[in-house]
Amino acid sequence: MDSKEEEHILENIRNGNGAGFALLVNKYKSMAFSIAYRITENREDAEEVAQDAFVKSFKAIPSFKGGAKFSTWLYRIVYTTAISKTRNFKRIFSDLPGMEDDATHPSVEDIVTGIDDEDRKKYLQQAIESLKAEESIIVFLYYYDEKSLEEIGEITGNTPGNVKIKLFRSRKKMQEYLIKNLKSEARQIL
Amino acid sequence: MKELSEENLKKWMSDLEMHQPSPDFTTRVMQEVQMPAASKTIYKPLLSRRILFTIYGIYIFTIFLCILLGDEAFSIQPSSGDALLTFIYTGIRFLSMPGWFYTSLKVAAIAMLLDTFIYIFIRKRVRQALDM
């Protein structure tokens, strides 16, 4: 579905025809659920949050003027709904222990490149899981959904500069995690 | 020192699988978005949520002010120290206070609470009916 089709669906919803909304739900449900899941850390809560966010967005579509992309606007609703839902603020915004910034790194790129695809997926997934919820969402939105720093800023309520810093820190934390957990592979490569 | 490059991260992360909601997720969302229209036809709160919360805010603030100023209706009487009893006692004192000020407060409080509860109750019933 391209942006023209999306705009057409949104226009229909504004005119009272909501049937096309299912297409938007199908398109964005994975990322919406993923954002909610990273914050709530619970499948049931994440489903509830994602569902609530879609319903809220549906109701608010008449006031959505298209200043931002629909996805950016929707993810912002998911993000704020999930944060309201969870009381686990520490996990969302605070640093995890043992993640010092000044650790020394071997050549992590070589290590990760050297392992097979399945292992890489597994360790990368684990590295993302080890991040704070907000960081993992930023990483996913930037590298997976290819959102810009400005768009991620709109979703998470940060400035683009802040997003950039958080992205840098997250990458560093992921590196540290990978280094720590890929020692055996590293020994073979280095 | 060679670190994780942006290009490689993008490439590797595109292979990752996203968390997926349950298969009937879209159906449930669509049911939900079509539901408020049904409930609105049965009952709609007289006041919008924003106005309602503003009135609640003013109402609570007024009571708070009365307590601060030592108004008779809200003055906490010496009791056995049981917080619940003191609370109930204060409530009864408030309900029994005469005069237009307390009467209007009481009427406003009861009307707003009824309005909210009826709305919540009917919405819930409609949702249950549509789910069946």
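Quick note on labels: first sequence line is chain A, next is B, and so on, each numbered from 1. Note that this is a predicted model, so its numbers are computed, not measured. Below, all heavy atoms of this structure are taken into account, side chains as well, without hydrogens, waters or symmetry copies.
When all heavy atoms of E47(A) and F25(B) are compared, the closest pair comes out as O-CE1, 3.7 Å. Shown here for A22(A) and M30(B), the closest heavy-atom pair between the two residues is N-SD, 3.6 Å. The minimum heavy-atom distance linking S30(A) with P21(B) is given by the pair CA-CD, 4.4 Å.
A single hydrophobic cluster is seen to contain both F54(A) and M18(B), as judged by linkage of ILVMFWY side chains at heavy-atom distances under 4.5 Å, directly or through other members. Cluster membership check: L141(A) does not share its hydrophobic cluster with Y37(A), using side-chain heavy-atom separations under 4.5 Å among Ile, Leu, Val, Met, Phe, Trp and Tyr. There is no path of hydrophobic side-chain contacts, each under 4.5 Å, that joins L167(A) to I165(A). In terms of hydrophobic clustering, with Ile, Leu, Val, Met, Phe, Trp and Tyr side chains grouped at heavy-atom distances under 4.5 Å, V55(A) and I83(A) are assigned to a common cluster. Both L131(A) and Y75(A) sit in one connected hydrophobic cluster of ILVMFWY residues. Membership requires side-chain heavy atoms under 4.5 Å apart, directly or through other members.
Atoms CZ and OG1, from F21(A) and T26(B) in turn, are 10.0 Å apart once rounded to the nearest 0.5 Å. Interatomic distance, H19(B) NE2 to F33(A) CZ, rounded to the nearest 0.5 Å: 7.5 Å.
A distance-only check finds no donor-acceptor pair linking the side chain of E32(B) to the backbone of Q51(A) [under 3.5 Å].
For a residue to count as touching a neighbouring chain, one of its non-hydrogen atoms must lie under 4.5 Å from one of that chain's; by this rule F58(A) touches chain B with the side chain only. S22(B) touches chain A through backbone and side chain together, each having a heavy atom under 4.5 Å away. The part of A19(A) that comes within reach of chain B is its backbone (N, CA, C, O), which places non-hydrogen atoms under 4.5 angstrom from that chain.
With contacts defined as side-chain heavy-atom distances shorter than 4.5 Å, the pair L16(B)/I128(A) qualifies.
More than 12 heavy-atom neighbours from other residues, nucleotides or ligands sit within 6.0 angstrom of NZ on K56(A).
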Given K29(A) and V29(B), is the side-chain contact (heavy atoms from CB on, under 4.5 Å) satisfied, shown in steps? CA-CA 10 Å; K29(A) 66 180 178 185; V29(B) 171; over 6 Å; no
